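Only one structure is covered here, and it is reproduced in the block below.
Side chains included, hydrogens not; waters and symmetry mates left out as well; all remaining heavy atoms used. Quick caveat: nothing in here was measured; it's all calculated off a predicted structure. When a ligand or atom number is given, it counts from 1 through the structure's own listing order.
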Amino acid sequence: GATIRLGIAGYGNLGRGVQAAVAKNPDMELVGVYTRRDPAALSLPDGAPAFHMDQLSGHTEDIDVLVLCGGSKSDLPAQGPALAALFNTVDSFDTHAKIPEHFAAVDAPATAAGKTALISAGWDPGMFSINRVYGEALLPDGETYTFWGRGLSQGHSDAIRRVPGVAAGVQYTIPSTEAIAKVRAGERPVLETRDKHVRECFVVLEDGADSEAVRTAIVTMEHYFDEYDTTVNFIDAATLASEHTSMPHGGFVFRSGNTSDEHAQVIEYSLSLQSNPEFTSSVLVAYARAVHRMNQAGQTGAKTVFDVAPGLLSPKSPEQLRAELL
Ligand code: NDP
């Protein structure tokens, strides 16, 4: 059949990752990269056409699914609803506490326009969310545990970089090995947020910035840092460049439950990622395929990964999937 034509809205880590993922999916084609900056100034590896974001409204006939690669903190709350009025979309919105609000904001314009807008795909939210649903549904008498890291968190690093006075910065999430061992052993421990992880930030200040004000703004930031023990380390730009440029991540979703008084069951899903954004983008591209199919089937409005049947992610036909993977 015809290829699925994708656009990329926003060219940062995820935007570059989507470009890499399209190259691995022969049924996909990249139509254009759209940016709020000067498109001519982007360095696009294989010469995909670059456009200004303002040109998107003239390109609605050229793009089957627009992959939104903006930041969750400031970009997606505005870009998600505006672009869902014009295109089928996929985003990776990861401010968990605000997902219901984002869903509603995207649902109204998408429904009105007959578009399909999948929000909060990626790995968490995304693949981890699916594993939490499976765990709860299969083992109703049980506990779900999610651990992240050790890894660099895109969402949290993005949030740090938007604090006034911050020139650059990264955030690492570090899981507790004792906590993981107890969960894996089926002990069903009660763990407070603070028992499971700590957060560690490395920040480069702007000239003249007040380090204590920056530290306070970070450690008290709602939804991102206020429920964790967070340390903020101030470093120079050279140290950031030499020691903090790779973006590894990963983590675990466990469901530990009891099917009878005699038997405990433990489900474990884990990810070990050399590049968080490249993996996230690979997930976004698979979901773009599903969004295209769902829109063609008349399933419009906002959706989440819970609404997408797994077979829709695959380029293989239902017949092929039954024969090969069932
Ligand atoms: P980036 O900061 O790299 O990019 C975000 C936006 O910033 C881009 O769309 C781009 O918009 C702009 N931008 C990028 N580079 C520059 C630059 N050099 N100068 C000026 N502007 C720039 O974020 P990521 O791509 O790493 O992540 C995006 C979001 O993805 C995160 O906020 C996070 O919430 C989410 N995420 C979700 C995951 C999940 O599992 N659900 C996992 C990982 C990330 P423009 O081109 O228009 O200027």
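A distance of 6.0 Å separates CD of Q19 from CG of L30, quoted to the nearest 0.5 Å. Once rounded to the nearest 0.5 Å, the distance linking CG of L66 with CZ of R5 reads 12.5 Å. N295 CG to L118 CG: the interatomic distance, rounded to the nearest 0.5 Å, is 12.0 Å. Between atom OG of residue S317 and atom CZ of residue R322 there is a gap of 7.5 Å, rounded to the nearest 0.5 Å. Going from atom NE2 of H102 over to atom NE2 of H96 covers 12.5 Å, rounded to the nearest 0.5 Å.
L14 N, 2.8 Å is the protein heavy atom nearest to atom 25 (O) of ligand 1. In terms of protein heavy atoms, atom 12 (C) of ligand 1 is closest to R36 NH2, 3.7 Å. At the shortest separation from atom 4 (O) of ligand 1 among protein heavy atoms lies G12 CA, 3.7 Å. Among protein heavy atoms, the minimum distance from atom 38 (C) of ligand 1 is reached at T280 CG2, 3.7 Å. The nearest protein atom to atom 3 (O) of ligand 1, hydrogens excluded, is given as N13 N, 3.0 Å; this is a heavy-atom distance. Among protein heavy atoms, atom 40 (O) of ligand 1 sits closest to W123 N, 2.8 Å. Given atom 26 (O) of ligand 1, the protein heavy atom at minimum distance is Q154 NE2, 2.3 Å.
When the options D75, D94, V18 are ranked by their closest heavy atom to atom 6 (C) of ligand 1, first place goes to D75. Nearest residue to atom 36 (N) of ligand 1 from G10, P39, S92, P125 is S92 (criterion: closest heavy atom). For the residues M53, H156, R16, R37, the heavy atom positioned nearest atom 20 (C) of ligand 1 is part of R37.
Under the side-chain contact (heavy atoms from CB on, under 4.5 Å) rule, T280 has a single partner from V285, D94, L14, N13, which is L14. Remark: of the listed residues P277, C69, S282, C69 is the sole one forming a side-chain contact (heavy atoms from CB on, under 4.5 Å) with V18. Of the listed residues (W123, W148, Y172, F147), just one forms a ring pair (Phe, Tyr, Trp, His ring centres under 6.0 Å) with H249, and that residue is W123.
With hydrogens and angles ignored, the 3.5 Å screen pairs a side-chain donor or acceptor of D107 with a backbone N or O of A302.
A cation-pi arrangement, defined by a distance under 6.0 Å to the six-membered ring centre and an angle within 45 degrees of its axis, is absent between R184 and F254.
Only backbone heavy atoms of A121 (N, CA, C or O) come within less than 4.0 Å of ligand 1; its side chain stays farther off. With a 4.0 Å cut-off on non-hydrogen atoms, D158 touches ligand 1 through its side chain and not its backbone. Both the backbone and the side chain of T35 come within 4.0 Å of ligand 1, judged by heavy-atom distances. Contacts between C69 and ligand 1 below 4.0 angstrom, taking non-hydrogen atoms only, involve the backbone exclusively. Heavy atoms of N276 found under 4.0 angstrom from ligand 1 belong exclusively to the side chain.
Where the criterion is an N or O separation shorter than 3.5 Å, residue side chain and backbone included, Y11 meets it with respect to ligand 1.
Residue contacts with ligand 1 include G70, since one of its heavy atoms falls under 4.0 Å from the ligand. Put simply, no part of G126 is less than 4.0 Å from ligand 1, judged by heavy atoms.
Neither V31 nor I8 shares a network with the other; the hydrophobic side chains, linked directly or stepwise wherever heavy atoms of I, L, V, M, F, W or Y lie under 4.5 Å apart, form separate groups for each.
Crowding of Q274 atom CD: a count of heavy atoms from other residues, nucleotides or ligands under 6.0 Å not exceeding 12.
Under a 4.0 Å criterion applied to the non-hydrogen atoms of G122, ligand 1 contributes the atoms 39 (C), 40 (O), 41 (N).
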